[in-house]
Amino acid sequence: QVQLVESGGGLVQAGGSLRLSCAASGRTFSKYAMGWFRQAPGKEREFVAAISWTGGESYYADSVKGRFTISRDNAKKMVYLQMNSLKPEDTAVYYCAVIDYELGRNIDGSWGQGTQVTVSS
């Protein structure tokens, strides 16, 4: 099983940037596709971005396409989410997860503590 710890959130003005990090533990990290999700107050958790286990493929939710970039470093057991041109509607708690790449869904049902991103207008 892979344990995940998210970090890098904060308060930023609209148009600004943040880079989220997800530190993974467990020997099999490099075998899994990874994803980022977010949950805004009063809303359901939603998919943001996915990256294949090799890092060679990725895809994004339409709402963040062209602004966010997911990447990974298997040697360091890290997954990143570079967020540019942030909007107030990006405000949410962000989570990383082990996913089924084709479905874009968490495959083991576990979530980390998340990291809060707040974008002011």
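Numbering of residues begins at 1 and proceeds along the displayed sequence. Scope of the values below: all heavy atoms of this structure, side chains included, with no hydrogens, waters or symmetry mates.
Under the 4.5 Å side-chain heavy-atom criterion for Ile, Leu, Val, Met, Phe, Trp and Tyr, Tyr32 and Phe29 are members of the same hydrophobic cluster. Trp53 and Tyr101 are not part of a single hydrophobic cluster, where members link through side-chain heavy atoms under 4.5 Å apart. Under the 4.5 Å side-chain heavy-atom criterion for grouping Ile, Leu, Val, Met, Phe, Trp and Tyr, Leu103 is not connected to Val48 through any hydrophobic cluster. If you chain together hydrophobic residues whose side chains sit under 4.5 Å apart, Ile99 and Tyr94 never meet in one group.
When side chains are defined from C-beta on, Met83 counts as touching Val117, because their heavy atoms get closer than 4.5 Å. Counting only heavy atoms from C-beta outward, the side chains of Glu46 and Phe37 never approach each other to under 4.5 Å. Proximity of Ser17 to Gln82: side-chain heavy atoms (C-beta onward) are separated by under 4.5 Å at one or more points. Using a 4.5 Å cut-off on side-chain heavy atoms (C-beta onward), Trp36 and Val79 make contact. Between Phe47 and Tyr59 there is a side-chain heavy-atom pair separated by less than 4.5 Å. No side-chain heavy atom of Val93 sits under 4.5 Å from any side-chain heavy atom of Thr115.
For Asn106 against Ala97, the heavy-atom pair with the smallest separation is ND2-CB, 3.6 Å. Contact detail for Ser121 and Pro88: the closest heavy-atom pair is CB-CG, 3.8 Å. Residues Ser52 and Arg72 share a closest heavy-atom pair of O-NH1, 2.9 Å.
Side chain of Arg67 to backbone of Ser85: a donor-acceptor contact under 3.5 angstrom is found. Listed for the Asp73 side chain is a donor-acceptor partner under 3.5 Å among the backbone atoms of Lys76. Remark: the backbone N or O of Val119 is paired with a side-chain donor or acceptor of Thr91 at under 3.5 angstrom.
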For Thr28 and Val2: C-alpha separation, side-chain torsions, deciding distance, then whether side-chain contact (heavy atoms from CB on, under 4.5 Å) applies. CA-CA 7 Å; Thr28 57; Val2 178; 4.1 Å; yes
Between Glu6 and Leu20, does a side-chain contact (heavy atoms from CB on, under 4.5 Å) hold up when you go through it step by step? CA-CA 7 Å; Glu6 303 91 343; Leu20 305 184; over 6 Å; no
Check against side-chain contact (heavy atoms from CB on, under 4.5 Å), Ile70 and Phe68: CA-CA 7 Å; Ile70 188 171; Phe68 290 11; over 6 Å; no
Could you walk me through whether Leu18 and Leu86 pass the side-chain contact (heavy atoms from CB on, under 4.5 Å) test, one step at a time? CA-CA 8 Å; Leu18 281 174; Leu86 283 161; 4.2 Å; yes
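The existence of a salt bridge linking Asp90 and Lys87 is excluded, since no basic side-chain nitrogen approaches an acidic carboxylate oxygen closer than 4.0 Å.
Cluster note: Tyr80 groups with Met78 through ILVMFWY side-chain heavy atoms spaced under 4.5 Å, whether in direct contact or through intervening members.
Distance CD/Glu44 to CZ/Arg38: 14.0 Å, rounded to 0.5 Å. Rounded to the nearest 0.5 Å, atoms SG (Cys22) and CG (Leu4) are 4.5 Å apart. Atom-to-atom distance recorded for Met34:CE and Lys77:NZ is 12.0 Å, nearest 0.5 angstrom.
In this structure, a donor-acceptor pair under 3.5 Å is absent between the side chains of Ser120 and Gln13.
Counting heavy-atom neighbours within 6.0 Å of Trp111 CH2, excluding the residue itself, gives a total above 12.
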